[in-house]
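What follows is a short report on a single structure.
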Amino acid sequence: MMAKGLAYRKNAVVNWDPVDMTVLANEQVIDGRGWRSNALVERRELTQWFFRISDYSGELLAALDGLTNWPEKVRVMQANWIGKSRGLQFSFTTAGAPEGFDRLEVYTTRPDTLLGASFAAISPDHPLAKHLERHDPALAAFVAECRKGGTSAEALETAEKRGMDTGIRVLHPFDTTVELPVYIANFVLMDYGTGAIFGCPAHDERDFEFAVKYGLPIPSVFVAEGTEEAPLAAAYVPMKSEPVRYIRGFAGPDLQTGEQAVAAAIAHCESVGVGRGVTNYRLRDWGISRQRYWGCPIPVVHCDTCGVVPEKKENLPIELPYDVTFDIPGNPLDRHPTWRNCACPKCGAPARRETDTMDTFMDSSWYYARFTAPRAKTPTEADEAAYWMNVDQYIGGIEHAILHLLYSRFFARAMHKTGHLPETAIEPFNALFTQGMVTHEIYKTSDANGRPVYHLPEEVENGCLIANGAPVEIIPSAKMSKSKKNVVDPMHIIASYGADTARWFVMSDSPPERDVEWTASGAEASHKHLARVWALCSRIGEMPADHVGIGDDDLARATARAIADITRSVETFAFNKAIAGLYGFTNTLSRANCSTSAMKEAIRTMAQLMSPMTPHIAESIWSYQGGQGLCATAPWPVADPALLVEDTVTLPIQINGKRRAEISVPKDMPTAEIEKIALADEDVVKFLAGQPVKKIIVVPGRIINVVI
RNA sequence: GCGGAUGUGGCGGAAUUGGUAGACGCGCAGCGUUGAGGUCGCUGUUCUUUAAUCGGAGUGAAGGUUCGAGUCCUUUCAUCCGCACCA
């Protein structure tokens, strides 16, 4: 990746997790907190390894359209995260700026509002700000204050717009006699665009708030169609698709939409040599350095003469040392006595290994590709990768919508570029399904100081602690979390009910994309059902071989129906419906008194239909009832189409849309005849009470509606 | 604020995509078995009225389209999720 320019080192302000003592990528910071530790993230400047995911911003965004079997929600989230915008980048000529800062580069998505500019502002992290703070203590104090600002959602929401005039001026690109003050402002992000903006208070809420606070002019650029210019009480920010009347426009007609005006403004500016149209993305490069032990070592070597050199391929992978201790915070690799020592792959001189390790998302970004050739000496094998890729159906939680799934899409492209995957595999997951979580109630009491104390589900019975009978507060179901103790240990479930019960219950109640609440009663019900199935199996097993019952044909029909319904449900991921169908089929079979061979046949089919949910009991039934080989490898049952056809159908009869009667007729009876029978029906005659029939609608196989 | 989704019995949820609303399960009630309880079996269970039927109402709310609406359209309310100083 280094050779292909996909990996590089840079000095960057990074998100520092003070609990995990490591850096995080932007995506891994949620509401200002580490995605894993939940600690407030700080900003630090460090030299770090990055992957050039941002080179792929446009492609990763455009390719989302092709992922038609991905949930819309995930595609929208990724599109928002990539955050494409089209705008103008240009530079102001400065006046009174230090040497080397005679131009100030800014980016705007609203170049049509250039004549509404009343100030310019730079980020506290902008190079100019950093230069100035070295010479101006007051300004340095202000910048430090800005950097300290909390990064939590609340802090950002309530943060006041603050700025400090640098004394520097910029000249308006269209009229150099107009000078605008340059502020350092806390709300300008270094990460986005150029880290510098021009402020147009009339048409931007942030700029408006700022201009009011610092007494800056607020000239309107456009007004609503059919109105005149008037002092503004708030920024006027209509939809870009809405036509407005430009009073300080400079490109395009007076009456045009924001979109049209932006396009015209970019074209005009380019033609007069003021900047150029630029497409910007919010997506930042992926910072992959971690200062911890648990991650793959970054396979590079630092040599005093050769610099940063990639390790030789034959030495890969670099393995972590086993003799490490975790008694002191920080990176154990840093203080390991010998692991760091190595030879420079280029000149052979003594050198040092990189002690940063890789983000663990690295591993999940390509494991699917490695699975195509798990024992290969190289990362993948071309033939195997071409044969197995892509993943037909990928299943994961919605929490991976951005992190894992975006990294994987990038990594597959990187692996293609480095020759490890074919071009057809750059979108690794053909179809995506996001399943819900298993949730549980939370049981809470308070300690003597009023602090909350949480209790495990097995410590609670009937709303009270088993230990001392104290009542607990029950908080509605939430995602299982160790801190809230609303977790059910899978080993407990398996110990008390078995794995089949756990699987059956988790899939039985809710559609798989939705959360399912784990309840003891629900698990018990599943357990009882499987016990019932086993009892039924035993009963059938003990039937005399020559037993001749009744209704073999009906059972064959019911079996065919079950095969058809349950197969369709499983194929559409409607496992809760599949299980409902299995309940129904079990009831049918329990009540049946057919011949032994028919009963055996039916329960073997039932074992097969159950096997995706409850593989263990399915195999037991299968072998007990004389199934050949493994149930899991037997061909999936196919419903005989002839048995799915009903000879007679029951048709409800509605009168003016209300169901009043029903009739049974042969399946293929002509409509005219059905009408005759319907109108002759005793209940229908009673309801009609002699009134004339205006219209009669017969939907074959469905319903009859009589209109009076 | 922007974007997306979801509202159906006491509860989780079905409804073949415009055609019998409430499948299946939980819970609850009754009966039986056991008999201390639980287990197990059977029956019932949207609400309302009724001895029971018959009937009436009913899919967050209000309108509309249609022979017919949980499903389509308009308005509205509520809840959940994502994003949010992105220039």
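Letters A, B, ... are given to chains in the order of the sequence lines, protein chains preceding strands, and every chain is numbered from 1.
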Indicate whether OP1 or OP2 belonging to B:A87 is found under 4.0 Å from a side-chain N or O atom of A:Y107.
->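 So the side-chain polar atoms of A:Y107 never come under 4.0 Å of the phosphate oxygens OP1 or OP2 of B:A87.
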Does a nitrogen or oxygen in the side chain of A:R702 sit under 4.0 Å from OP1 or OP2 of B:G18?
->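 Checking B:G18 against A:R702, no side-chain N or O comes under 4.0 Å of OP1 or OP2.
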Which nucleotide in the list B:U20, B:C85, B:A14 gets nearest to the side chain of A:T650?
->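 Comparing B:U20, B:C85, B:A14 against the side chain of A:T650, the answer is B:U20.
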Nearest listed nucleotide, side chain of A:F187, among B:G12, B:C81, B:C85 =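 The listed nucleotide nearest to A:F187's side chain is B:C85.
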Spacing between [X] atom [atom1] and [N] atom [atom2], to the nearest angstrom:
X      : N     : atom1 : atom2 : result
A:Y281 : B:A87 : OH    : P     : 13 Å
A:L644 : B:U16 : CG    : P     : 18 Å
A:F505 : B:G13 : CZ    : P     : 11 Å
A:I82  : B:G82 : CD1   : C1'   : 15 Å
A:K213 : B:C85 : NZ    : C1'   : 14 Å
A:I696 : B:G19 : CD1   : P     : 19 Å
A:E513 : B:G13 : CD    : P     : 10 Å
A:L189 : B:A84 : CG    : P     : 11 Å

Can you check the distance between [N] and [M], where both ends of the measurement are the [atom1] atom (answer in whole Å)?
N     : M     : atom1 : result
B:C24 : B:A78 : C1'   : 29 Å
B:A29 : B:G13 : P     : 24 Å
B:G55 : B:G18 : C1'   : 27 Å
B:C40 : B:G4  : C1'   : 49 Å
B:A15 : B:U6  : P     : 14 Å
B:U20 : B:U59 : P     : 16 Å
B:U8  : B:U79 : C1'   : 15 Å
B:C77 : B:C26 : P     : 40 Å

Is A:V188 touching bases, backbone alone, or none of the nucleic acid, heavy atoms closer than 4.0 Å?
->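 Result for A:V188 = base.
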Scan A:R568 against the nucleic acid and name what it touches under 4.0 Å (heavy atoms): base, sugar-phosphate only, or nothing.
->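 Nothing: the residue A:R568, judged by heavy atoms under 4.0 Å, touches no strand.
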Checking side-chain polar atoms at under 3.5 Å, does [X] have a donor or acceptor matched by the opposite partner on [Y]?
X      : Y      : result
A:N576 : A:S508 : no
A:E105 : A:Q89  : yes
A:Y281 : A:S85  : no
A:Q435 : A:R514 : no

Just name whichever nucleotide pairs with B:G41, Watson-Crick or G-U, keeping both distances under 3.5 Å, else none.
->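 Pairing partner: B:C31.
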With respect to A:H527, which candidate in A:Y497, A:W504, A:F505 satisfies the ring pair (Phe, Tyr, Trp, His ring centres under 6.0 Å) definition?
->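 Of the listed options, the one satisfying the test is A:Y497.
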Tell me, with the steps shown, if A:F575 and A:F573 meet ring-ring contact (aromatic ring centres under 6.0 Å, His included).
-> CA-CA 5 Å; A:F575 303 121; A:F573 283 60; 5.7 Å; yes
A:P201 side chain near A:F119 side chain, heavy-atom distance below 4.5 Å |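 Contact flag for A:P201/A:F119 side chains = yes.
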Under-3.5 Å N/O pairs linking protein and nucleotides 63-69 of chain B:
residue, atom, partner, partner atom, Å
B:C67, O2', A:N705, ND2, 3.2
B:C67, O2, A:N705, ND2, 2.7

Check the interface with nucleotides 54-60 of chain B: list each N/O to N/O pair with the protein under 3.5 Å, or write none.
residue, atom, partner, partner atom, Å
B:G56, OP1, A:R660, NH2, 3.3
B:G56, OP2, A:R660, NH1, 3.3

Given that A:L651 and A:V516 both sit by RNA chain B, which one's nearest nucleotide is further toward the 5' end?
->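 This one resolves to A:V516.
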Toward the 5' end of RNA chain B, which comes first, A:E517 or A:S590, by nearest nucleotide?
->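 Going by which nucleotide is closer to the 5' end, it is A:E517.
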Below 4.0 angstrom, N of the basic side chain to O of the carboxylate: do A:R276 and A:E270 qualify?
->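 The answer is no: the pair does not qualify as a salt bridge.
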Please check if the distance between the ring centroids of A:F222 and A:H203 is under 6.0 Å.
->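 Between A:F222 and A:H203, the centre distance is under 6.0 Å.
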Output field: ring centroids A:F210/A:Y183 closer than 6.0 Å =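 Yes, the ring centres sit under 6.0 Å apart.
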Sequence-aligned protein contact record of nucleotides 23-38 of chain B, with B where the base is within under 4.0 Å of a protein heavy atom and S where only the sugar-phosphate is | BSSS------------
